[in-house]
Amino acid sequence: MTSGNITSTEQEVLEEIEEKDVDFLRLQFTDILGTVKNVSVPARQAEKAFTDGIYFDGSSIEGFVRIQESDMRLVPDPDTFAVLPWRNSEESASARMICDVYNTSTGEPFEGDPRYVLKQALERASDLGYTVNAAPEPEFFLFEEDEEGRATTDTNDAGGYFDLAPKDLASDVRRDIIYGLEDMGFEIEASHHEVAEGQHEINFEYEDALSTADNVGTFRTVVRAIAAEHDLHATFMPKPIPKINGSGMHTHLSLFTEDGENAFHDGDDEFDLSEEAHAFTAGILEHAPAITAISNPTVNSYKRLVPGYEAPVYIAWSDRNRSALIRKPAARIPAASRVEARFPDPSCNPYLALAALIHAGLEGIEKGLECPDPVRENIYDFDEDKREEYGIETLPTNLGEAVDALEEDEVIYDALGDHIAQKFVEAKSQEFQEYLVDVSQWELDRYLETF
């Protein structure tokens, strides 16, 4: 069945396809906006996918290529093979593999592939002698569907932070989601009800940054699919309900050396952080406004990034309070020393967001940036004069400001590559302009009968 071009890992996948009666494969990739796309092929095409790739029309994908450059090739990564738990039965099963995108005319990786952009960031880290580990905490809401199966903003519970049933009516849904994730190879650490009604969080263990980005896309797919089996709609929209907490995706990052030591740990430091960790943190703080365009990429993202709802808006770091942009979590062992970027949200493209954070941090290390002192007080209680005294600046207040910051920041703009940076800025500028000319229900309620 196999040719000489098949690797041992690919051979194992082919054997698993036969053993588990997989009849269809979903070959997945991600567009620049973070939407997971897929091409479904019969499982008998698996060997061809490994040896030759699967061709598709890239002109139909957001931000990929023009119509005259449309032929693209998907090459599946065998390490990402997993059977889809909601498409598994005694008779047959479906599985997925995440793919890298190649340019058919050159045979080279496609520069508009977000997965390739992250690989470039990891290559930069490798050149400096590091591997990058990451662990996200994506939050989401569960809403009821109406009689026609469309999403509402009606939550199915009245639970709060860490609540139990009967207030947390979604515990059974979270359980099924966890089973589904574990079936796909996730190591789940914990799950709980979040602060807002209908809001939830499921934490999975850290992995290398590329696997983590793959896992975020898989996580969103599994959560939505299994929620739908319970007649619920899962959304990763950052702020679906006004005046309550929104959904974030706190992202933990650490660098490890070639000999497996945590480059972020220094037991002699007051905060157990090494010089590299301080410089890495300084790099993220330096480039935070531009990163925000990527890590918080929607108009709605900035409805979450406001004071008073636990989302950070002030460019500072802390080892204690959660009002700062970056937090140094407590670590029981040296290997767990890390920094936590608290501003990303789950609407982001995980490949691009991680690439931006990593490039910014590595820039801090390469330039030896000095990290400011941590702010241990609640910054939300500061007035403008005190923030100025501490030298604390704020994140962009809307998507337009964030895109402007991205265009002005050579480090983060270049981190995306010319192709993605240009397409991303075009798409987000258009989104913001459409938002500016729209008339919201709030405006109608406030002004229609007043003037």
Side-chain angles (χ1 to χ4, degrees), residues 118-119 121-138 186-190 203-213 215-216 248-288 291 295 312 315-344 350 353-377 411 415:
L118 178 54
K119 284 185 173 183
L122 300 180
E123 186 174 319
R124 179 182 182 183
S126 179
D127 290 343
L128 295 173
Y130 303 117
T131 58
V132 184
N133 286 337
E137 299 175 358
F186 281 67
E187 292 288 336
I188 302 299
E189 286 190 335
N203 298 332
F204 44 94
E205 285 194 351
Y206 75 88
E207 289 199 58
D208 66 274
L210 183 62
S211 297
T212 293
N215 285 342
V216 171
M249 190 177 76
H250 303 159
T251 302
H252 299 251
L253 294 162
S254 57
L255 300 182
F256 277 71
T257 64
E258 294 174 349
D259 59 4
E261 296 295 320
N262 186 348
F264 274 10
H265 180 75
D266 182 354
D268 294 328
D269 179 72
E270 179 183 359
F271 311 105
D272 290 330
L273 291 176
S274 66
E275 289 184 9
E276 291 95 331
H278 283 285
F280 192 93
T281 300
I284 295 177
L285 294 175
E286 175 82 12
H287 298 283
I291 296 172
S295 62
I315 301 176
W317 79 281
S318 178
D319 63 323
R320 292 182 180 175
N321 76 75
R322 287 170 163 80
S323 64
L325 202 71
I326 297 177
R327 186 175 74 97
K328 192 276 176 184
R332 297 182 300 275
I333 57 175
S337 290
R338 63 200 187 276
V339 295
E340 175 192 14
R342 295 179 58 80
F343 57 110
L354 281 172
L357 288 165
I358 291 165
H359 275 292
L362 295 178
E363 186 79 5
I365 290 175
E366 288 185 324
K367 290 192 172 181
L369 294 183
E370 291 288 331
C371 193
D373 292 333
V375 180
R376 291 176 161 177
E377 301 147 273
V411 171

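Not counting sequence neighbours, the partners of E377 by the side chain to side chain donor-acceptor pair (under 3.5 Å) test are K386, Y390. Applying the ring-ring contact (aromatic ring centres under 6.0 Å, His included) test to H278 and every residue at least two apart in sequence or in another chain returns W317. Checked against salt bridge (Lys or Arg N to Asp or Glu O under 4.0 Å), D319 has the following partners two or more places apart in sequence or in another chain: R376. Residues meeting the salt bridge (Lys or Arg N to Asp or Glu O under 4.0 Å) test with K328, sequence neighbours left out: none. Remark: H265 pairs with S337 by the side chain to side chain donor-acceptor pair (under 3.5 Å) rule, at least two apart or across chains.
Under a 3.5 Å cut-off, the side chain of S274 and the backbone N or O of A263 do form a donor-acceptor pair. A distance-only check finds a donor-acceptor pair linking the side chain of N262 to the backbone of A335 [under 3.5 Å]. Checking side-chain atoms of R338 against main-chain N and O of A336 turns up a donor-acceptor pair under 3.5 Å. In this structure, the side chain of T281 engages the main chain of A277 through a donor-acceptor pair within 3.5 Å. Checking side-chain atoms of S318 against main-chain N and O of A316 turns up no donor-acceptor pair under 3.5 Å.
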* To do: Could you give me the CA-CA distance, side-chain angles and deciding distance for H359 and R124, then say whether side chain to side chain contact (heavy atoms under 4.5 Å, CB included) is met?
  => CA-CA 8 Å; H359 275 292; R124 179 182 182 183; 2.9 Å; yes
* To do: Run the numbers on L122 and I358 for side chain to side chain contact (heavy atoms under 4.5 Å, CB included), then give the verdict.
  => CA-CA 8 Å; L122 300 180; I358 291 165; 3.8 Å; yes
* Would E137 and H252 satisfy side chain to side chain contact (heavy atoms under 4.5 Å, CB included), going step by step from the backbone distance to the final call? -> CA-CA 8 Å; E137 299 175 358; H252 299 251; 2.8 Å; yes
* To do: Any chance you could lay out the side chain to side chain contact (heavy atoms under 4.5 Å, CB included) test for L253 and F280, step after step, and finish with the verdict?
  => CA-CA 10 Å; L253 294 162; F280 192 93; 4.1 Å; yes
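Counting heavy atoms from C-beta on, the side chains of V216 and L354 never come closer than 4.5 Å. At a threshold of 4.5 Å between non-hydrogen side-chain atoms, the residues E207 and E187 do not count as touching. Two residues are said to be in side-chain contact when any heavy atoms from C-beta on lie closer than 4.5 Å; L210 and K119 meet this criterion.
Atom CZ of F256 has more than 12 heavy atoms from other residues, nucleotides or ligands within 6.0 Å. The local environment of CD in E366 is crowded, with over 12 non-hydrogen atoms from other residues, nucleotides or ligands closer than 6.0 Å.
Partner H287 forms a side chain to side chain contact (heavy atoms under 4.5 Å, CB included) with one of L285, I291, I284 and no other, that one being I291.
A salt bridge is defined here as a Lys NZ or Arg NE, NH1 or NH2 lying under 4.0 Å from an Asp or Glu carboxylate O, and E363 with K367 meets this definition.
Considering CD of E270 and CG of D268, their distance stands at 12.5 Å, rounded to 0.5 Å. To the nearest 0.5 angstrom, H250 atom NE2 is 6.0 Å from E340 atom CD. Here CZ of R342 is found 6.0 Å from CZ of R327. Values are rounded to the nearest 0.5 Å.
Between N215 and T212, the side chains place no donor N or O within less than 3.5 Å of an acceptor N or O (distance only, hydrogens not considered).
Between L357 and F343, the shortest heavy-atom contact is CD2-CZ, 4.0 Å. Across all their heavy atoms, A353 and S295 have their closest contact at CB-CA, 4.2 Å. The minimum heavy-atom distance between M249 and P136, with the atom names listed, is CG-CB, 3.9 Å. Across all non-hydrogen atoms, the minimal contact from L369 to G283 is CD1-CA, 3.9 Å. Closest non-hydrogen pair, A341 versus I326, comes out as CA-CG1, 4.4 Å.
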Donor-acceptor contacts under 3.5 Å from residues 128-135 side chains, at least two apart:
none

